[in-house]
Amino acid sequence: LAQASLALGGLQARSPKSLALMGALFSGDSEPAVSAGGTCLPPRERKSDKPAPNLVPGLIPPSGAWRGTTNGGLPKQGPFGFKKEYGLNCHIYRTFCTPRNWQLKEGTKRWVQRGGILWYNIQPVNWAKAASAEYDEHIANYASEVGSLAPAQVMVCVGHEPDGHMEGGAVKTDVFGTADEYKAMWRNFVDKFTQMGVTNVVWVMDYSRGIHKEHGFKSVVQLWPGDDIIGWVFFNCFGCHPSHKKRFHYTTIVSGIIDKLTEASGPGHDFLSKPWGIGAHAPKDKCGDGTPMTTEDRVLHFKQIAESMNDPKFEKIKAYVYYSGQVISDDIRPSYTEFIQLPTFVDLDGAIDPDSEDDGTEAPPDEVQDDMGGGDDDE
């Protein structure tokens with residue numbers, strides 16, 4: 001109790017629900033003082049005759065694949081802005097949250113209420129700390145916000161592209177910890193969410209495109225949080241090489257990842273039992289060496305994804321999330337617009353409720369809270 005009083009006393013500007021969840025966490029109660037569903041979004045009568053995407057079991061699309069985007073970049077007004085910009089629904093909206101920016105915009109919550117799938121992304125930069133009680137305050141905040149969206153299911157990722165941040169890994173970037181610390185962090189999040197009564201979560205794993213290389217793939221199994229935890233397997237694919245370098249084409253990279261995941265799948269890391277998705281994709285404006293990408297090079301990215309959708313080898317990919325930090329410039333806009341109108345996506349349109357009150361202008365813009373290379377800045 002003394003520990004709980006000390007911790008709760010330091011939580012200023014926290015919601016009553018978050019405080020209650022923290023109290024349950026510190027006391028060890030199996031039932032939280034206030035149910036995670038206690039402040040859920042108010043019920044809203046469905047206008048569409050199709051099932052809401054965020055209520056579909058496991059968030060697995062009944063056909064085709066989900067169309068997605070991230071916060072930041074364009075459009076600047078979140079998922080409602082996407083509809084205004086392109087005249088099409090965004091099925092998955094990936095937002096990057098941090099200990100300082102864990103609360104969602106009201107416009108985003110309204111969109112979830114109408115059926116949209118929110119991807120709530122968290123990126124701890126110290127895996128050992130995030131696996132300990134020292135991180136409980138942050139977990140309580142995250143859980144409170146996710147739980148408030150029930151009954152809508154929410155995709156939650158704890159630590160994206162870990163293969164690029166693992167000690168001893170193949171990619172030389174900021175190191176956040178060891179593979180064991182990463183898995184312990186995941187288990188800590190799952191356990192705390194469960195203790196807090198937050199059950200509307202579909203946990204998703206998100207690897208970098210670097211796993212298409214033999215030395216990069218070695219960390220995939222090492223980092224796997226567990227078959228009992230993960231509901232989706234995502235991996236990313238950015239286009240940043242000239243079109244003549246075919247070994248870096250979208251189809252080459254993703255085909256290689258599919259082969260490796262299929263071969264490595266087995267008890268304890270049963271990748272084949274999960275739906276797969278592209279967690280972030282975009283053609284970059286510069287090559288890896290800094291030289292500009294041509295319009296032809298960038299357009300090829302969308303063409304190759306479109307072609308792959310007709311290949312049975314790629315049929316396990318059930319979601320494509322565009323990384324909107326890479327702005328859709330005028331020269332590639334026609335190709336992107338054509339891409340998001342593909343039948344694979346259009347088949348699922350109409351499931352998110354339209355609303356005459358929300359044309360995109362009323363939804364407050366989501367601030368860029370993180371990017372694919374950033375962390376949670378929790379120190």
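Values reported hereafter were calculated over all heavy atoms of this structure, with side chains retained and with hydrogens, waters and symmetry mates removed.
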Practice item. Kindly write out the residues that satisfy ring pair (Phe, Tyr, Trp, His ring centres under 6.0 Å) with W232, not counting sequence neighbours, or none if the list is empty. Key: F234
Exercise for review: Look at the side chain of N200 and the backbone N and O of V146, then say whether any donor-acceptor pair between them is shorter than 3.5 Å.
Suggested key: yes
Point to revise | Listed once per pair and sorted, the salt bridge (charged side-chain N to carboxylate O under 4.0 Å, His left out) pairs that draw on residues 146-158, sequence neighbours left out | key: none
Study note, to complete from the structure: With sequence neighbours left out, the residues meeting side-chain contact (heavy atoms from CB on, under 4.5 Å) with V56 are none
Check your understanding: T295: what forms a side-chain hydrogen bond (donor to acceptor under 3.5 Å, both in side chains) with it, not counting sequence neighbours?
Key -> D331
Check your understanding: Does a salt bridge link E214 with K260, judged by any charged N lying under 4.0 Å from a carboxylate O?
Key -> yes
Exercise for review: Scan side-chain atoms only and decide if T70 and S324 contain a donor-acceptor pair under the 3.5 Å cut-off.
Suggested key: yes
**Study point:** Expected output: side-chain N54 to main-chain V112 donor-acceptor under 3.5 Å
**Key:** yes
Review point. If you take all heavy atoms of R94 and G279, which pair is closest and at what distance?
Key: NH1-O, 2.8 Å
Study note, to complete from the structure: Contacts satisfying salt bridge (charged side-chain N to carboxylate O under 4.0 Å, His left out) that involve residues 175-184 (not counting sequence neighbours) are D180-K183
Exercise for review: Considering only NZ, NE, NH1 and NH2 on the basic side and carboxylate oxygens on the acidic side, decide whether K303 and E296 come within less than 4.0 Å.
Suggested key: no
**Study point:** Counterpart residues, side-chain contact (heavy atoms from CB on, under 4.5 Å), relative to D311 (two or more places apart)
**Key:** K313, F314
Point to revise | Side-chain donor/acceptor of E145 to backbone N/O of L104, under 3.5 Å | key: yes
Point to revise | Heavy-atom donor-acceptor pair, D163 side chain to S208 backbone, under 3.5 Å | key: yes
Point to revise | Listed partners of S273 passing side-chain contact (heavy atoms from CB on, under 4.5 Å), at least two apart | key: D270
Review point. Partners of F193 by ring pair (Phe, Tyr, Trp, His ring centres under 6.0 Å), sequence neighbours excluded?
Key: W203
**Study point:** Partner set under side-chain contact (heavy atoms from CB on, under 4.5 Å) for A179, not counting sequence neighbours
**Key:** M166, Q222, L223
**Study point:** Under the side-chain hydrogen bond (donor to acceptor under 3.5 Å, both in side chains) test, residues paired with D227 that sit two or more places apart
**Key:** W224
Exercise for review: Identify, with sequence neighbours excluded, every residue that meets side-chain hydrogen bond (donor to acceptor under 3.5 Å, both in side chains) alongside W66.
Suggested key: none
**Study point:** Y135 side chain reached by P99 side chain, heavy atoms, under 4.5 Å
**Key:** yes
Revision key, fill the gap. D228 meets the side-chain hydrogen bond (donor to acceptor under 3.5 Å, both in side chains) criterion, sequence neighbours left out, with R187
Review point. So, for L348 and G64, which heavy atoms are closest and what is the spacing to 0.1 Å?
Key: CD1-C, 4.4 Å
